[in-house]
J.: 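Let me begin by handing over the structure; questions about it come next.
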Amino acid sequence: MSANGPSLPLPVRIAGTGSYLPERVLSNGELEKMVETSDEWIAARTGIRERRIAAEGEFTSHMASEAARRALEQSGVPASEIELIIVATITPDTLTPATACYVQQQIGALRAVAFDVSAACSGFLYAMELARHAVGAGAFRNALIVGAEKLSAFVDWSDRNTCVLFGDGAGAAVLVPSTNGGGRILATTLGTDGAQAELLNIPGGGSACPAPPGGAAPRPAVLAMQGREVFKHAVNAMRQAAIDGIAAAGLDIGDIDLIIPHQANLRIIDAIVERLDFRRENVFINLDRYGNTSAAAVAIALDEANRQGRVAPGDRILLVAFGAGLTWASAVVEW
Ligand code: ACO
């Protein structure tokens with residue numbers, strides 16, 4: 001577990017947010033025709049009603065770039081002045097180069113250093129932590145961070161255990177030094193437990209695939225998950241990440257105005273909120289419309305909360321996530 005660390009020379013704030021969801025809506029009713037499931041089961045066990053699916057030829061980088069354009073517009077920083085781009089994704093356009101390189105070209109941020117991070121659903125907060133340090137240390141004048149996923153390309157559409165859970169989309173934020181005493185990122189907490197890697201993975205598609213000589217079949221490049229086990233870890237890790245993040249910010253749970261949790265399962269969110277003894281109405285939820293969009297989920301929710309006026313200057317927001325790795329992360333932001 002890595003916590004907040006020493007304070008940075010420059011405080012860093014979020015200057016703008018953006019998000020993008022593909023047009024195509026896939027409802028639970030449509031899934032009933034694809035696998036043996038029901039709207040009632042999916043809604044009761046997960047809270048999900050529908051999710052978005054990227055069009056053919058619409059890649060992770062395209063969604064990332066659209067979310068990035070919207071975040072840049074809100075921030076007032078032109079793409080040509082962006083110095084660092086970090087894209088969090090587990091569904092890159094290609095194994096190499098990084099999806100961030102495509103985004104750099106697509107948005108015209110040609111001065112920026114660009115690379116990806118792979119931390120599944122925690123990826124956007126991992127990217128935020130890296131970018132906060134890069135900007136806060138004065139090494140880069142600003143940073144664009146993006147969480148973007150085309151999970152529909154890595155889901156086994158005949159596996160009801162997983163295909164009902166995931167969706168596509170992207171969210172982005174622009175980070176700049178906080179020079180006017182306004183908002184800032186107060187603290188972040190990251191954690192990883194590689195011993196649990198097998199609980200949730202995409203076994204194929206990497207250098208371990210195809211299988212070694214000996215006749216074993218290549219491993220499939222689709223998402224595999226031990227749902228019940230992941231559920232238990234998710235509740236414990238997100239609760240602890242929330243507690244650690246709030247403590248690192250020098251705050252109490254009562255000081256938090258809004259929680260923006262990873263959008264995997266409403267029952268996971270309810271369990272965490274109950275254990276934290278927090279007000280349910282101050283928890284931002286959109287998983288009913290988008291399902292689990294992994295690294296994009298917290299980023300999309302942050303942008304929707306921002307654009308819906310759910311956050312005001314001075315508000316303290318807790319962002320908290322959990323995903324494959326296993327990984328977890330939290331950030332406390334003063335808006
Ligand atoms: N429709 C109908 N029945 C189903 C479906 C479905 N879509 N999926 C599973 N079932 C059945 C199972 O086969 C099982 O039947 P059985 O009892 O006859 O064996 C029954 O429903 C119960 O299955 P469980 O797996 O125990 O159901 P559970 O209540 O745990 O819900 C779920 C499953 C939704 C996957 C839950 O475990 C979960 O959300 N886990 C966490 C997922 C997560 O948070 N992932 C985060 C990271 S994602 C990332 O990093 C990319």
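Quick note: numbers below take in every heavy atom, side chains included, and nothing from hydrogens, waters or symmetry partners. We're numbering straight along the sequence, starting at 1. First listed ligand is number 1; within each ligand, the first listed atom is number 1.
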J.: Identify the heavy atoms of S118 and I90 that sit nearest to each other, and give their distance.
T.: OG-CG2, 3.8 Å
J.: Check ligand 1 against V164 and write out every atom of the ligand that is under 4.0 Å from a heavy-atom position of the residue.
T.: 7 (N)
J.: Looking only at non-hydrogen atoms, find the nearest pair between A170 and I300 and report the distance.
T.: O-CG1, 3.3 Å
J.: Do you see a donor-acceptor pair shorter than 3.5 Å between the side chains of S19 and R70?
T.: no
J.: Give yes or no for whether the N/O distance cutoff of 3.5 Å, strictly under, is met between M225 and ligand 1.
T.: no
J.: Any idea which atoms of ligand 1 are less than 4.0 Å away from a heavy-atom of A324?
T.: 50 (O)
J.: Does some side-chain heavy atom of I256 sit less than 4.5 Å from a side-chain heavy atom of I317?
T.: no
J.: Return the closest protein heavy atom for atom 33 (C) of ligand 1 as residue, atom name and distance.
T.: W41 CH2, 4.0 Å
J.: Looking at A264, which atoms of ligand 1 are within less than 4.0 Å of one of its heavy atoms?
T.: 44 (O)
J.: With distance as the sole criterion, is a donor-acceptor pair present between the side chains of E32 and N28 under 3.5 Å?
T.: no
J.: May I ask whether atom 40 (N) of ligand 1 is less than 4.0 Å from at least one protein heavy atom?
T.: yes
J.: Would a 4.0 Å cut-off, counted as strictly less than, catch a protein heavy atom around atom 4 (C) of ligand 1?
T.: yes
J.: List every atom of ligand 1 that sits less than 4.0 Å from any heavy atom of N292, numbering the atoms from 1 in the order shown and giving each element.
T.: 46 (C), 48 (S)
J.: Measure the distance from atom 15 (O) of ligand 1 to every protein heavy atom, then report the residue, atom name and distance (to 0.1 Å) of the closest one.
T.: R160 NH2, 4.3 Å
J.: Counting heavy atoms only, which of C121, G325, G323 is nearest atom 49 (C) of ligand 1?
T.: C121
J.: State, to 0.1 Å, how close N142 and V77 come at their nearest heavy-atom pair, and which atoms those are.
T.: ND2-CG1, 3.9 Å
J.: Under a 3.5 Å cutoff, is there a donor and acceptor pairing between the side chains of E149 and T89?
T.: yes
J.: Please list, in number order, the atoms of ligand 1 under 4.0 Å from a heavy atom of N265.
T.: 34 (C), 36 (C), 38 (C), 39 (O)
J.: Do the side chains of S122 and L190 get nearer than 4.5 Å, heavy atoms only?
T.: no
J.: Could you see which bit of L200 sits under 4.0 Å from ligand 1, with heavy atoms only: side chain, backbone, both or neither?
T.: side chain
J.: Give the single entry among E36, R45, K232 that approaches atom 29 (O) of ligand 1 most closely by any heavy atom.
T.: R45
J.: Would you check the N or O atoms of G227, main chain and side chain alike, for any that come under 3.5 Å of an N or O of ligand 1?
T.: yes
J.: Is there a continuous path of hydrophobic side-chain contacts, each under 4.5 Å between heavy atoms, that joins V87 to L110?
T.: no
J.: State whether the shortest distance between N or O atoms of H262 and N or O atoms of ligand 1 falls below 3.5 angstrom.
T.: no
J.: Hey, are E304 and R307 close enough for a salt bridge, meaning a charged N less than 4.0 Å from a carboxylate O?
T.: no
J.: Ignoring hydrogens, what is the shortest heavy-atom contact between P22 and D168? Give both atom names and the distance.
T.: CD-O, 3.5 Å
J.: Taking distance alone, with no angle check, do T46 and ligand 1 share an N/O pair under 3.5 Å?
T.: no
J.: Tell me the contacting part of I42 for ligand 1: side chain, backbone, both, or neither, using a 4.0 Å heavy-atom threshold, strictly below.
T.: neither
J.: For the residue pair T46 / N265, report whether a side-chain donor-acceptor contact shorter than 3.5 Å exists.
T.: no
J.: So, N292 versus H262: side-chain donor-acceptor pair below 3.5 Å or not?
T.: yes
J.: Distance alone, cut at 3.5 Å: any donor-acceptor contact between the side chains of T192 and Y126?
T.: yes
J.: Only heavy atoms of A120, strictly under 4.0 Å: list the atoms of ligand 1 that pass.
T.: 50 (O)
J.: Taking atom 18 (O) of ligand 1 as the reference point, report whether a protein heavy atom occurs under 4.0 Å from it.
T.: no
J.: For ligand 1, which atoms, with element, lie under 4.0 Å from some heavy atom of N161?
T.: 8 (N), 9 (C)
J.: Considering only heavy atoms, which of E32, R267, R228, E40 lies nearest to atom 23 (O) of ligand 1?
T.: R228
J.: May I ask whether atom 7 (N) of ligand 1 is less than 4.0 Å from at least one protein heavy atom?
T.: yes
J.: S294 heavy atoms, cut-off 4.0 Å: which ligand 1 atoms fall inside?
T.: 51 (C)
J.: Between T37 and ligand 1, is there a nitrogen or oxygen pair with a distance under 3.5 Å?
T.: yes
J.: I need the minimum non-hydrogen distance between F166 and R51, along with the two atoms involved.
T.: O-CG, 3.2 Å
J.: Specify the protein heavy atom at minimum distance from atom 43 (C) of ligand 1: its residue, its atom name, and the distance to 0.1 Å.
T.: V230 CG1, 3.7 Å
J.: Can you tell which part of V35 has a heavy atom less than 4.0 Å from ligand 1: side chain, backbone, both or neither?
T.: neither
